[in-house]
Number of protein chains: 2
Amino acid sequence: MGKQMTEMLKGTLEGIVLAILSVRPAYGYEITARLREQGFSDIAEGTVYALLVRFEQKGLVDVEKVPSEKGPPRKVYSLNAQGQEYLEEFWRTWSFLAGQLEQLHGGGR
Amino acid sequence: MGKQMTEMLKGTLEGIVLAILSVRPAYGYEITARLREQGFSDIAEGTVYALLVRFEQKGLVDVEKVPSEKGPPRKVYSLNAQGQEYLEEFWRTWSFLAGQLEQLHGGGR
DNA sequence: ACTGGTACATAGTAGCACTGAATAGCGGCG
DNA sequence: CGCCGCTATTCAGTGCTACTATGTACCAGT
């Protein structure tokens with residue numbers, strides 16, 4: 001992955017994963033796989049897990065341990081009310097930024 | 001400024017400033033002021049200067065010292081060919097990310 | 001002399017994604 | 001049985017970026 005993408009993901013990946021969780025609960029390995037399918041070709045697994053731990057510490061998600069048929073138990077994360085609020089704040093911030101950049105991109109040539 | 005914005009700017013501010021320079025050459029103080037006018041309410045001056053130094057080190061800009069009527073000489077930065085290329089790469093990366101997020105935002109509710 | 005606006009610079013801090021490795025459970029294959 | 005491969009999580013260490021806070025310097029108006 002390009003260096004630009006790596007830096008751009010800072011603060012954005014957080015929102016992406018929250019958005020994924022807002023659709024339905026999921027666990028780390030699953031999220032990583034889904035991200036890869038969606039074109040974020042090599043987002044490191046470690047990155048996603050670290051992100052989820054942060055969510056938990058911030059109290060944005062609820063966690064439930066679910067035994068898996070294949071492998072160790074899964075930690076299923078679901079967005080709670082505070083997480084929803086945080087996600088909405090994220091969209092507001094994103095929209096502002098996207099608007100500014102669109103202006104620069106469109107008007108700049 | 002919110003913490004979310006701070007993190008989101010990482011990797012993005014770089015592109016924003018490059019885009020500003022692509023319209024016409026500018027110097028640090030001017031860029032900071034323009035960013036503030038455009039709604040990035042408190043982007044620190046130091047941040048912009050550090051960014052410009054990085055641009056110079058990466059060889060994305062040409063620099064010219066121009067004496068100012070009011071205060072110390074200005075360092076006027078202008079985008080060179082390599083900088084243009086880097087900016088285009090930035091837009092490609094940005095477009096991909098914006099597209100993915102739009103999908104998540106629109107489809108997610 | 002003092003204040004305020006212009007203009008640049010830098011040391012230190014915090015946060016986030018990446019690297020690389022370790023741990024652990026389960027199934028299948030030789 | 002022992003090894004490999006897939007699933008699944010965790011963690012220490014690194015690099016990059018934006019922020020904070022401060023300092024330097026130049027000039028005009030009072």
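Chain naming here is simple, since letters A, B, ... match the order of the sequence lines and numbering starts at 1 in each. Remember, it's a predicted structure, so these values are computed and weren't measured experimentally.
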With a 4.0 Å heavy-atom cut-off, tell me which residues in residues 60-73 of chain A come close to DNA chain D, sorted by residue number.
A:Ser68, A:Lys70, A:Gly71, A:Pro72, A:Pro73
For A:Glu85, look at atom CD and say whether over 12 heavy atoms of other residues, nucleotides or ligands are found less than 6.0 Å away.
no
Examine D:dC19: is either OP1 or OP2 under 4.0 Å from a nitrogen or oxygen in the side chain of B:Thr47? Give yes or no.
yes
Side-chain N or O of A:Tyr49 versus OP1/OP2 of D:dT10: is the shortest distance under 4.0 Å?
no
Count the heavy atoms of every other residue, nucleotide or ligand shown that sit under 6.0 Å from CD of A:Glu56, and state whether that count exceeds 12.
yes
Considering just the side-chain nitrogens and oxygens of B:Arg54, establish if one lies under 4.0 Å of OP1 or OP2 belonging to D:dC16.
no
Any B:Leu79 side-chain heavy atom under 4.5 Å of B:Tyr86 side chain
no
Contact class for B:Glu45 (heavy atom, under 4.0 Å): base, sugar-phosphate, or nothing?
base
What is the first contacted nucleotide of DNA chain C and what is the last, in 5' to 3' order, if contact means an atom lying under 4.0 angstrom from a heavy atom of chain B?
C:dT6 to C:dC16
Pick the closest DNA chain D nucleotide for A:Glu7 and for A:Gly28 by heavy atoms, then say which residue is nearer the 5' end.
A:Gly28
More than 12 heavy atoms of other residues, nucleotides or ligands under 6.0 Å from NZ of A:Lys58: is that the case?
yes
Is there a side-chain contact between A:Lys75 and the phosphate of D:dT10, meaning an N or O under 4.0 Å from OP1 or OP2?
yes
